[in-house]
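Note that the structure is predicted; figures quoted are calculated from it, not measured. Start at 1 with the first residue, then count along the sequence.
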Amino acid sequence: MARGRSMVGRILVGIAVLGVLSVLFMRTLRETTSAPYLVRSEHLAGWALTLDPPLGPGGPLLALTPPRELTLDLFNQIFARTMESMNTPPAYAVTLVLRSEFSSGLAGLVEPGELLELAREAGLDSATFQPRCLAEHRSADQRGRTFFALFDLPELRAFREQVLGLAAERGGDASALDPAAMVPALYLAATEGGFRGWPVADGAAEEHCVAPLEVSSDP
């Protein structure tokens with residue numbers, strides 16, 4: 001009988017230890033997942049304006065291209081936390097104007113070259129991105145995950161308002177371009193064969209934030 005009680009005691013102790021270890025593991029996992037992602041300050045400015053990138057009809061007509069070091073560093077940080085096989089988007093860029101937006105409401109009113117000049121006048125090629133968060137969007141079946149960085153970039157909305165104003169002056173529809181529709185999002189990685197089309201974040205993108213995006217304090 002004593003031996004039986006001893007065995008039961010060991011089992012209960014083992015269960016208790018496993019429970020504690022499980023709690024500690026989940027706590028560590030949450031802390032790792034929500035820990036800030038870091039970017040270097042020199043990588044948040046001087047992005048290149050790119051007109052007519054070869055990214056298909058669903059992609060941007062005008063975009064801002066980040067430094068390669070920024071995307072590589074963030075991708076590596078994501079991989080280090082997930083340890084999952086991931087693929088990258090067809091290009092790294094923040095969309096300023098989609099091809100579909102241009103063809104449906106701006107073509108014949110504003111030339112692509114004018115968009116580029118307006119973007120320069122708005123200071124987009126010299127703007128400094130303000131980091132907000134690293135976001136994760138899950139597919140409907142919860143298996144696929146897409147990771148992207150969100151930024152604050154007031155110059156983007158100001159530029160799109162200028163474009164809309166110019167189109168309206170030339171007789172265009174006032175709803176040809178929604179200044180608030182484009183969110184400064186940089187897509188970085190996806191699991192389960194993501195990026196079948198050009199990714200675009202909507203106004204609800206911030207709901208998918210999982211961790212802060214902060215400027216590194218390292219020199």
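Listed by chain and residue number, nothing satisfies the side-chain contact (heavy atoms from CB on, under 4.5 Å) test with P154 (two or more places apart in sequence, or in another chain). In this view, E69 and H43, P67 satisfy the side-chain contact (heavy atoms from CB on, under 4.5 Å) rule, not counting sequence neighbours. Qualifying side-chain contact (heavy atoms from CB on, under 4.5 Å) partners for L51, counting only residues two or more places apart in sequence or in other chains: L61, L62, P112, L116.
Using a 4.0 Å cut-off between charged nitrogen and carboxylate oxygen, E101 and R160 count as a salt-bridge pair.
Between L96 and F159, some side-chain heavy-atom pair lies under the 4.5 Å cut-off. L74 places a side-chain heavy atom less than 4.5 Å from the side chain of L213. For the pair F148 and E136, the minimum side-chain heavy-atom distance is 4.5 Å or more. Looking at heavy atoms from C-beta onward, L64 lies out of side-chain contact with L186 at the 4.5 angstrom threshold. Proximity of P53 to P60: side-chain heavy atoms (C-beta onward) are separated by under 4.5 Å at one or more points. The shortest distance between side-chain heavy atoms of T82 and F147 falls below 4.5 Å. Between V215 and R40 there is no side-chain heavy-atom pair separated by less than 4.5 Å.
Closest approach of A35 and A211 over heavy atoms only: O-CB, 3.4 Å. Here the closest heavy-atom approach between residue S216 and residue L38 is recorded as CB-CB, 4.2 Å. D125 and R120 make their closest contact through OD2-CG, 3.8 Å (heavy atoms, listed as atom of the first residue, atom of the second, distance). Residues G105 and A176 approach most closely at O-CB, 3.4 Å, considering heavy atoms. In this structure, T71 and P66 approach most closely via the heavy-atom pair CG2-CG, 3.7 Å. When all heavy atoms of A122 and E155 are compared, the pair lying nearest together is O-CG, 3.5 Å.
The cationic atom of R81 (NZ for Lys, CZ for Arg) lies less than 6.0 Å from the six-membered ring centre of Y37 and within 45° of the ring axis.
The aromatic rings of F195 and Y187 lie perpendicular to each other, with more than 60° between the two planes, well past the 30° mark.
Taking CD of Q130 as the start and CG of L44 as the end, the distance is 7.5 Å to the nearest 0.5 Å. Here the CZ-OG distance, from R145 to S139, works out to 10.5 Å after rounding to the nearest 0.5 Å. Rounded to the nearest 0.5 angstrom, E214 CD and L134 CG are separated by 11.5 Å. Atom CZ in R99 sits 13.5 Å away from atom CG in L106 (nearest 0.5 Å). How far CG of L115 is from CD of Q162: 11.0 Å, rounded to the nearest 0.5 Å. Atom CG of residue L118 and atom CD of residue E111 lie 12.0 Å apart, to the nearest 0.5 angstrom.
More than 12 heavy atoms of other residues, nucleotides or ligands lie within 6.0 Å of CD in E192, so this atom counts as buried by the packing criterion. Other residues, nucleotides and ligands place more than 12 heavy atoms under 6.0 Å from the CD atom of E114.
Across V94, D152, V39, L150, a single residue satisfies side chain to side chain contact (heavy atoms under 4.5 Å, CB included) together with F129, and that is V94. For the side chain to side chain contact (heavy atoms under 4.5 Å, CB included) with M182, the qualifying choice from L98, D202, L177, L153 is L98, the only one to do so.
Side-chain atoms of N87 come within 3.5 Å of backbone N or O of G194 as a donor-acceptor pair. With R138 contributing its side chain and R143 its backbone, the two residues share no donor-acceptor pair below 3.5 Å.
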### Message
Evaluate T88 against F75 for side-chain contact (heavy atoms from CB on, under 4.5 Å), listing each step before the verdict.
### Response
CA-CA 9 Å; T88 59; F75 182 92; 3.7 Å; yes
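Clustering ILVMFWY residues whenever any of their side-chain heavy atoms sit less than 4.5 angstrom apart, transitively, puts V183 in a cluster other than the one holding Y92.
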